[in-house]
Engineer: 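Below is a structure I'd like to ask you about.
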Amino acid sequence: MKRRKLRVGMVGGGGGGSFFGAPHRRAILMDNSAELTAGALRSDPAEALAAAEELFFERGYGSWSDLIAGEAARGDDDRIDYLTIVTPNDAHAGPAEAAAAVGIGVLCEKPLTITLDEARRLYAVVQDAEVPFVVAHTYTGYPMVMLARRFVRDGLIGEVRKIEAWYPQGWLASRREDEGSKQASWRVDPARAGVSGCGGDIGSHAYEFIRFVAGLRAVRVSARMKSVVPGRALDDDFAAFAELDNGAIATVSASQIDIGAENDNGFRVIGAAGTLQWRHARFARLEHFVADRPVAVYRAGADYGYVPESIRPYLRMPQGHPEGFHEALANLHRTIEWTVRGRRGEEAPRPFEHPGIVDGVAVMAFLEASVASAREGGAWVDVPFGG
């Protein structure tokens with residue numbers, strides 16, 4: 001099959017206060033191997049068509065249902081290869097399920113859905129259709145996070161004994177939802193954000209570090225969730241203890257009222273033979289601690305000999321030239337692109353195992369168990385099937 005640029009569709013992200021549409025568009029275009037083809041970028045049909053024209057999408061649609069129906073009718077040789085969903089949480093499941101049902105792959109923002117039941121229904125459709133599916137836990141696209149996963153799998157730090165994962169922000173320390181911020185308004189609305197505000201928005205990233213890096217999952221959780229700013233229906237501060245499936249304990253903390261914090265999320269995976277630590281503030285470094293030895297620091301760079309072949313294709317720059325957030329997001333798009341190409345029989349690097357539909361369901365299971373625990377004053381609650 002002759003190679004060509006992949007055709008990518010997008011639902012949401014067409015302005016009007018949207019944050020994540022622009023980073024995804026940059027990520028899609030970064031490697032010149034994909035193009036912006038079909039867009040249903042706003043909830044208002046006229047505005048959606050105008051936004052698609054303004055942002056140079058080849059085809060604009062007034063709604064996501066029109067987009068999927070229109071692209072499915074084009075056949076395999078002309079329709080989009082995958083769909084990117086960058087809407088608020090309540091509008092994830094509909095387009096994701098519809099796209100999967102007609103054989104179109106999906107890259108969906110997190111959290112996957114607004115309820116666990118909704119996530120399970122989507123999982124069943126994706127499994128039946130056997131389409132590529134990536135959940136946009138962007139930080140798993142950083143090469144040093146990927147390297148940490150590889151090191152844990154290779155036994156570098158021995159059996160995992162404890163994990164600390166965190167994500168602090170301060171942008172919701174005041175009632176920005178009353179100041180006209182659309183990003184704040186939907187995130188504090190249970191109908192649009194789902195069962196948890198802070199936990200779903202950024203605590204989900206912290207929990208995914210545990211799954212992605214250590215390959216472990218929560219089986220029981222004891223959580224506390226609080227709406228610190230008066231009048232909010234959803235939590236803006238989140239903390240949980242999680243018992244993992246190997247018996248280790250993990251702490252998951254997230255806050256949107258931590259004034260001065262600048263998304264310095266990260267993790268410490270503590271093993272019997274050492275510890276791995278990564279922080280977003282130093283995203284190009286992975287630190288390895290061993291008792292009574294100097295700290296070993298691994299740095300990002302395509303020409304470093306310790307970078308394994310499974311990660312090297314995801315690095316674009318040599319040592320000393322940092323890559324950041326857009327490159328990490330582009331790596332998730334690379335994973336779904338190479339999955340699509342491989343399934344079509346094209347030559348492509350073997351894609352890394354970035355978070356997929358199973359991870360999306362697992363995060364929802366963790367969130368719902370955390371909400372149940374918090375309602376019982378932090379009582380231990382089993383994480384249901386799928387977690």
Side-chain angles (χ1 to χ4, degrees), residues 1-16 18-42 45 47-87 92 95-96 98-100 102-109 131-136 138 141 313-317 323-349 351-352 354:
M1 178 179 291
K2 183 179 178 180
R3 285 173 57 85
R4 58 165 174 82
K5 287 187 177 183
L6 291 198
R7 306 181 187 98
V8 184
M10 180 173 286
V11 173
S18 170
F19 165 57
F20 255 96
H24 275 283
R25 290 192 296 274
R26 297 181 192 117
I28 290 164
L29 299 175
M30 181 168 287
D31 297 307
N32 199 35
S33 57
E35 57 191 9
L36 302 171
T37 302
L41 306 177
R42 302 288 298 274
E47 293 179 359
L49 293 171
E53 182 177 0
E54 178 184 353
L55 294 169
F56 303 104
F57 280 74
E58 182 179 330
R59 298 187 284 272
Y61 293 89
S63 68
W64 64 258
S65 56
D66 288 346
L67 185 156
I68 293 167
E71 293 301 307
R74 287 180 170 270
D76 293 340
D77 59 341
D78 192 37
R79 69 180 183 177
I80 58 173
D81 295 290
Y82 71 91
L83 182 69
T84 306
I85 301 172
V86 291
T87 59
H92 288 179
V102 297
I104 295 173
V106 176
L107 190 150
C108 183
E109 266 299 327
V131 295
F133 200 104
V134 172
V135 180
T138 303
Y314 286 89
L315 283 156
R316 296 169 182 82
M317 301 295 289
E323 300 181 26
F325 186 84
H326 286 102
E327 288 83 356
L329 186 55
N331 282 341
L332 302 190
H333 284 278
R334 269 192 159 175
T335 284
I336 195 167
E337 176 193 338
W338 290 341
T339 303
V340 169
R341 292 192 185 281
R343 291 187 177 192
R344 292 204 312 225
E346 295 182 22
E347 184 177 347
F352 206 80
H354 282 114

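All of these numbers come straight from a predicted model, not from anything done at the bench.
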Engineer: Roughly how far apart are His333 NE2 and Arg26 CZ, rounded to 0.5 Å?
Structural biologist: 12.0 Å

Engineer: Please examine the side chains of Glu58 and Leu36, heavy atoms only from C-beta on, and report whether any two atoms are closer than 4.5 Å.
Structural biologist: no

Engineer: Ring-plane angle category for Tyr314 and Trp338, please: parallel below 30°, perpendicular beyond 60°, tilted otherwise.
Structural biologist: perpendicular

Engineer: Would you say that Val106 contacts Tyr82 through its side chain, given a criterion of any heavy-atom pair below 4.5 Å between the two side chains?
Structural biologist: no

Engineer: Checking Ile28 against Thr84 for the side chain to side chain contact (heavy atoms under 4.5 Å, CB included) test, could you report, in this order, the C-alpha distance in whole Å, the side-chain angles of both residues, the deciding distance, and whether it holds?
Structural biologist: CA-CA 9 Å; Ile28 290 164; Thr84 306; 3.9 Å; yes

Engineer: If you compare all heavy atoms of Ile85 against all heavy atoms of Ala96, which two are closest, and at what distance to 0.1 Å?
Structural biologist: CD1-N, 3.5 Å

Engineer: Set out, in order, the CA-CA distance, both residues' side-chain angles and the distance that settles side chain to side chain contact (heavy atoms under 4.5 Å, CB included) for Leu41 and Leu55, then state yes or no.
Structural biologist: CA-CA 10 Å; Leu41 306 177; Leu55 294 169; 3.8 Å; yes

Engineer: Between His354 and Thr335, do the side chains contain an N or O donor and an N or O acceptor separated by less than 3.5 Å?
Structural biologist: yes

Engineer: Should His92 and Val11 count as side-chain neighbours, where that means a heavy-atom distance under 4.5 Å?
Structural biologist: no

Engineer: When rounded to the nearest 0.5 angstrom, what is the spacing between CG in Leu315 and CG in Asn331?
Structural biologist: 7.5 Å

Engineer: Any side-chain heavy-atom pair from Val134 and Leu107 closer than 4.5 angstrom?
Structural biologist: yes

Engineer: Quick one: does any side-chain atom of Arg74 pair with a main-chain N or O of Ile80 as donor and acceptor, under 3.5 Å?
Structural biologist: no

Engineer: Where do Trp64 and Pro95 come nearest, in terms of heavy atoms and distance?
Structural biologist: CE3-CA, 3.6 Å

Engineer: With distance as the sole criterion, is a donor-acceptor pair present between the side chains of Thr87 and Glu109 under 3.5 Å?
Structural biologist: no

Engineer: Closer than 4.0 angstrom, basic N to acidic O: yes or no for Lys5 and Glu35?
Structural biologist: no

Engineer: Once rounded to the nearest 0.5 Å, what's the spacing between atom SG of Cys108 and atom CG of Leu332?
Structural biologist: 12.0 Å

Engineer: Side-chain contact test, heavy atoms from C-beta onward, threshold under 4.5 Å: evaluate it for Leu67 versus Leu83 and give yes or no.
Structural biologist: yes

Engineer: Would Glu337 and Val340 count as a side chain to side chain contact (heavy atoms under 4.5 Å, CB included) here? Give the steps.
Structural biologist: CA-CA 5 Å; Glu337 176 193 338; Val340 169; 5.8 Å; no

Engineer: State, to 0.1 Å, how close Arg59 and Asp78 come at their nearest heavy-atom pair, and which atoms those are.
Structural biologist: NH2-O, 3.3 Å

Engineer: If you measure from the Lys or Arg side-chain nitrogens to the Asp or Glu carboxylate oxygens, is any gap between Glu71 and Arg79 under 4.0 Å?
Structural biologist: no

Engineer: Shortest non-hydrogen contact from Ala136 to His24?
Structural biologist: CB-CE1, 4.2 Å

Engineer: Between the side chains of Asp81 and Arg4, is the shortest nitrogen-to-carboxylate-oxygen separation below 4.0 Å, so that they form an ion pair?
Structural biologist: yes

Engineer: For Met10, does its backbone N or O pair with a side-chain atom of Arg25 as donor and acceptor, under 3.5 Å?
Structural biologist: no

Engineer: So does Glu53 have more than 12 non-hydrogen atoms from other groups sitting under 6.0 Å from CD?
Structural biologist: no

Engineer: Can you name the closest pair of heavy atoms from Pro132 and Ile336 and give their distance?
Structural biologist: CB-CG1, 3.9 Å

Engineer: Where is the tightest heavy-atom contact between Phe20 and Val86, given as atom of each residue plus distance?
Structural biologist: O-CG1, 4.3 Å

Engineer: Go through the steps to decide whether Leu329 and Thr138 satisfy the test side chain to side chain contact (heavy atoms under 4.5 Å, CB included), and finish with yes or no.
Structural biologist: CA-CA 5 Å; Leu329 186 55; Thr138 303; 3.5 Å; yes

Engineer: Are side-chain heavy atoms of Ser33 and Arg3 found at a separation under 4.5 Å?
Structural biologist: no

